[in-house]
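Quantities reported herein were computed from a predicted structural model and do not represent experimental measurements.
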Amino acid sequence: ASLRNFLRTPRSRPLFLFIHLNMASGPAAQSEVVECLDVLDRADLCERSVFVLCSDHGFPVPRGEISTWKAEMEQEGHDLDLSEANIRVPLLIRVPHSAPIEVLSAVSTLDLATTVVELAGHTNDRLRAQSCGTSLASVVSGASPESVLGNRCLRVDNRYYLQPRRKTALVRLPWLYVRDHDTASDE
């Protein structure tokens, strides 16, 4: 309801809208996304909007007893798990009048800032120079993902440098390497 009310306000300038949905995947999440798209469509914004759906993390898969795993996640936090299920996140970019494509190359949420700026029709050399991400705009427009992204290696850290229980993962599809800095062990 609040999104509908917000979109009723007339605007003369472009709109950047960020909606945070705090939920795991499943029917509830799908229903919320569909409702957001319906609201944008009724406000006549779908055909002139870039829609990005992503997550800050995946959902780690339990490795044993579900009740023990749930207690550990509540006590320790989901950020300690650098499994593929927690590192891989959904990323959907919908651009009006663009054909759907599936990208199997490694992409990062760091790619979103430069991508959104470029899809909005702007160039920002300072952002491009300071960003660790790669714009996916040309991929959305039909360029080969491999030509834009290559076979990149992505780094994922679950904690800051001196924090305890820090792990670092290196991802180069289809491989995942995880280093536990406290125990000096590898997964």
Side-chain angles (χ1 to χ4, degrees), residues 3-4 6-59 82-157 169-176:
L3 177 58
R4 280 188 206 98
F6 177 77
L7 292 175
R8 284 188 187 128
T9 306
R11 283 177 184 66
S12 59
R13 299 180 60 202
L15 167 70
F16 178 84
L17 179 65
F18 173 84
I19 301 170
H20 177 83
L21 303 175
N22 188 16
M23 61 183 63
S25 64
Q30 183 176 344
S31 174
E32 290 290 329
V33 170
V34 167
E35 183 176 343
C36 287
L37 287 171
D38 286 345
V39 169
L40 291 172
D41 193 38
R42 284 192 295 270
D44 198 30
L45 291 172
C46 265
E47 287 310 310
R48 49 193 180 112
S49 299
V50 172
F51 183 82
V52 177
L53 174 98
C54 68
S55 176
D56 60 338
H57 58 82
F59 192 76
L82 289 184
S83 65
E84 183 178 0
N86 206 29
I87 291 174
R88 289 188 80 143
V89 298
L91 174 60
L92 177 125
I93 303 173
R94 182 195 174 277
V95 177
H97 313 294
S98 289
I101 59 167
E102 181 178 10
V103 175
L104 300 177
S105 302
V107 298
S108 169
T109 53
L110 294 172
D111 301 333
L112 289 175
T114 56
T115 301
V116 170
V117 167
E118 192 172 331
L119 288 172
H122 299 285
T123 57
N124 188 322
D125 294 332
R126 183 173 173 207
L127 173 65
R128 193 173 290 134
Q130 293 180 351
S131 175
C132 294
T134 300
S135 175
L136 304 171
S138 61
V139 174
V140 172
S141 299
S144 159
E146 293 76 21
S147 69
V148 175
L149 301 168
N151 187 13
R152 20 187 333 201
C153 184
L154 300 177
R155 175 183 172 154
V156 180
D157 292 285
L170 298 176
V171 181
R172 176 171 281 164
L173 297 176
W175 299 285
L176 170 65

Can you see which heavy atom on Ser147 is nearest to which on Ser144, and at what distance? OG-O, 2.7 Å

In terms of side-chain geometry, is the basic nitrogen of Asp157 or Arg155 positioned less than 4.0 Å from the acidic oxygen of its partner? yes

Side chain to side chain contact (heavy atoms under 4.5 Å, CB included) between Leu104 and Glu102: does it pass, once the steps are laid out? CA-CA 6 Å; Leu104 300 177; Glu102 181 178 10; 3.6 Å; yes

Does Val50 reach the side chain of Arg94, with side-chain heavy atoms less than 4.5 Å apart? no

Distance col, row Ser131:OG vs Arg126:CZ, nearest 0.5 angstrom, shows 12.5 Å

Rounded to the nearest 0.5 angstrom, the OG1-CG distance for Thr134 and Asp111 is 5.0 Å

How many angstroms lie between atom CG of Leu149 and atom OG of Ser138, to the nearest 0.5 angstrom? 8.0 Å

How far does CZ of Arg152 sit from OG of Ser105, to the nearest 0.5 angstrom? 9.0 Å

Step by step, work out the side chain to side chain contact (heavy atoms under 4.5 Å, CB included) result for Thr109 and Leu91. CA-CA 8 Å; Thr109 53; Leu91 174 60; over 6 Å; no

Kindly determine whether Phe51 and Leu92 satisfy side chain to side chain contact (heavy atoms under 4.5 Å, CB included), including the steps that lead there. CA-CA 8 Å; Phe51 183 82; Leu92 177 125; 4.0 Å; yes

Checking side chain to side chain contact (heavy atoms under 4.5 Å, CB included) for the pair Leu112/Leu136: CA distance, chi angles, key distance, verdict? CA-CA 8 Å; Leu112 289 175; Leu136 304 171; 5.5 Å; no

Ser108 OG to Leu154 CG distance, which is reported to the nearest 0.5 Å: 5.5 Å

Result for side chain to side chain contact (heavy atoms under 4.5 Å, CB included) between Ser135 and one of Val117, Thr114, Val148, Val140 points to Thr114

Arg42 bridged to Glu35 by N-O distance under 4.0 Å: no

Measure the spacing between OG of Ser49 and CG of Leu119 and express it to the nearest 0.5 Å. 12.0 Å

Which pair of heavy atoms, one from Pro145 and one from Val103, lies closest together, and at what distance? CB-CG1, 3.8 Å

